[in-house]
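Numbering of residues begins at 1 and proceeds along the displayed sequence. For clarity, every value in this text was computed on a predicted model and none was experimentally measured.
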Amino acid sequence: MTDWQGKSPLEWETYVNKMVKVAAIEKHEYEGWVLTVDPVSASIVLATFLENEKVSISVVLGHAVQEVEILKEGDDEMKQRLSCIFAPEESKAYSPEELEKRKNDLKTWLETNHIPVTEQGESGRTLCVVGVLTIDPPYGPEECSSSNEIILSRVQGLIQGFLEKQQ
């Protein structure tokens, strides 16, 4: 077992969002920004930014890692770029005010259409429909959750229609 594999997850976390050079077995070397380290296998996931805003992802298996050298700290802009790599295209960050407006608009629309809705949770961020379906921020069809598939499907369709009318 190498020193790398002997580290704890908290030690590996200190490498996240940093540019590193990884020396691996058979004299292989890899450079990139650390996205994450798998706590079970000690494998390192590296991101390298190419031209045209494309990203190359590499995984260096934990057992092959010999040494990891930090080359550069990531600034806030780089941390933001790294955090968005696996985010869906349509997802975007909403300010707390925008989320509150989206929640209130959806709640008002549901109530106008005679669909019982309440706010749940400590901060009232989650909407609850008929006590069997929840809608979390940012209040789109994908954020609906219910064990009743029929209600889930119908409410998702309603929300989709509501959002399309707003655009």
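Annotation: ring pair (Phe, Tyr, Trp, His ring centres under 6.0 Å) contacts involving residues 50-78, sequence neighbours excluded, are absent. Residue pairs meeting the ring pair (Phe, Tyr, Trp, His ring centres under 6.0 Å) criterion with at least one partner in residues 125-164, sequence neighbours excluded, are W109-F162.
Between L133 and V155, the shortest heavy-atom distance links the atoms CD2-CG1, 3.8 Å. D38 and W12 get closest at one heavy-atom pair: O-CZ3, 4.0 Å. Contact between E29 and A23 at its shortest, heavy atoms only, is CG-CA, 4.5 Å. Here the shortest heavy-atom pairing between S43 and G62 reads OG-N, 3.1 Å. Nearest heavy atoms, I25 versus Q66: CG2-NE2, 3.0 Å. Between L152 and S145, the closest heavy-atom pair is CD1-N, 4.0 Å.
No continuous path of hydrophobic side-chain contacts links L46 to L71 [ILVMFWY only; heavy atoms under 4.5 Å]. Under a hydrophobic clustering in which Ile, Leu, Val, Met, Phe, Trp and Tyr are joined whenever their side-chain heavy atoms come within less than 4.5 Å, directly or via other members, V59 and V65 fall into different clusters. Note on V68 and V37: same hydrophobic cluster, where clusters join Ile, Leu, Val, Met, Phe, Trp and Tyr whose side-chain heavy atoms are under 4.5 Å apart, directly or indirectly. The cluster map of Ile, Leu, Val, Met, Phe, Trp and Tyr, joined by side-chain heavy atoms under 4.5 Å apart, puts M78 and V55 in the same cluster. By the rule that hydrophobic residues join a cluster once side-chain heavy atoms approach within less than 4.5 Å of another member, V16 and L61 end up as members of separate clusters.
If you take CD on Q80 and CG on N17, they are separated by 10.5 Å, rounding to the nearest 0.5 Å. To the nearest 0.5 Å, the span separating CD on E142 from CD1 on I135 amounts to 11.5 Å. We find the CD-CE distance between E69 and M19 to be 12.0 Å, quoted to the nearest 0.5 Å. How far OG of S146 is from CD of Q156: 9.5 Å, rounded to the nearest 0.5 Å.
Looking at E77, K72, K79, E73 one by one, the single match for side chain to side chain contact (heavy atoms under 4.5 Å, CB included) with D75 turns out to be E77.
Salt-bridge formation is not detected for the pair K7/D3: no Lys NZ or Arg NE/NH1/NH2 atom is positioned less than 4.0 Å from an Asp or Glu carboxylate oxygen. A salt bridge links E119 to K103: one of the charged nitrogens lies within less than 4.0 Å of a carboxylate oxygen.
Two residues are said to be in side-chain contact when any heavy atoms from C-beta on lie closer than 4.5 Å; T118 and L127 fail this criterion. A 4.5 Å side-chain heavy-atom check between I151 and V130 finds every atom pair outside the cut-off. Counting heavy atoms from C-beta outward, P138 and L99 have side chains that approach closer than 4.5 Å. Contact annotation: the side chain of I85 approaches that of I57 to within less than 4.5 Å [non-hydrogen atoms, C-beta and beyond].
The closest donor-acceptor contact from the side chain of T36 to the backbone of V45 lies at 3.5 Å or more, if one exists at all. With hydrogens and angles ignored, the 3.5 Å screen pairs no side-chain donor or acceptor of S153 with any backbone N or O of E149. A donor-acceptor pair under 3.5 Å is absent between the side-chain atoms of N113 and the main chain of I115, judged by distance alone.
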| request: Let me see the working for Q120 and T134 under side-chain contact (heavy atoms from CB on, under 4.5 Å), right down to the final yes or no. | output: CA-CA 9 Å; Q120 276 189 338; T134 58; 3.6 Å; yes
| query | Do W4 and E67 pass the side-chain contact (heavy atoms from CB on, under 4.5 Å) test, and can you show the C-alpha distance, the side-chain angles, and the key distance before you say yes or no? | reply | CA-CA 7 Å; W4 178 255; E67 188 182 345; over 6 Å; no
| request: Before giving the answer on side-chain contact (heavy atoms from CB on, under 4.5 Å), spell out for Q166 and D105 the whole-Å C-alpha distance, their side-chain angles and the decisive distance to 0.1 Å. | output: CA-CA 10 Å; Q166 285 197 315; D105 289 350; 3.9 Å; yes
| Pair V22-I44, side-chain contact (heavy atoms from CB on, under 4.5 Å): steps then yes or no | CA-CA 9 Å; V22 179; I44 306 171; 4.0 Å; yes
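In this structure, R102 places its CZ atom where more than 12 heavy-atom neighbours from other residues, nucleotides or ligands lie under 6.0 Å away.
Of the N and O atoms on the side chains of Q160 and E164, at least one donor lies less than 3.5 Å from an acceptor on the other residue.
Side-chain rings of Y15 and W33 stay apart, their centers remaining 6.0 Å or farther from each other.
Every side chain to side chain contact (heavy atoms under 4.5 Å, CB included) that S56 has, sequence neighbours left out, goes to T48, L50, S58.
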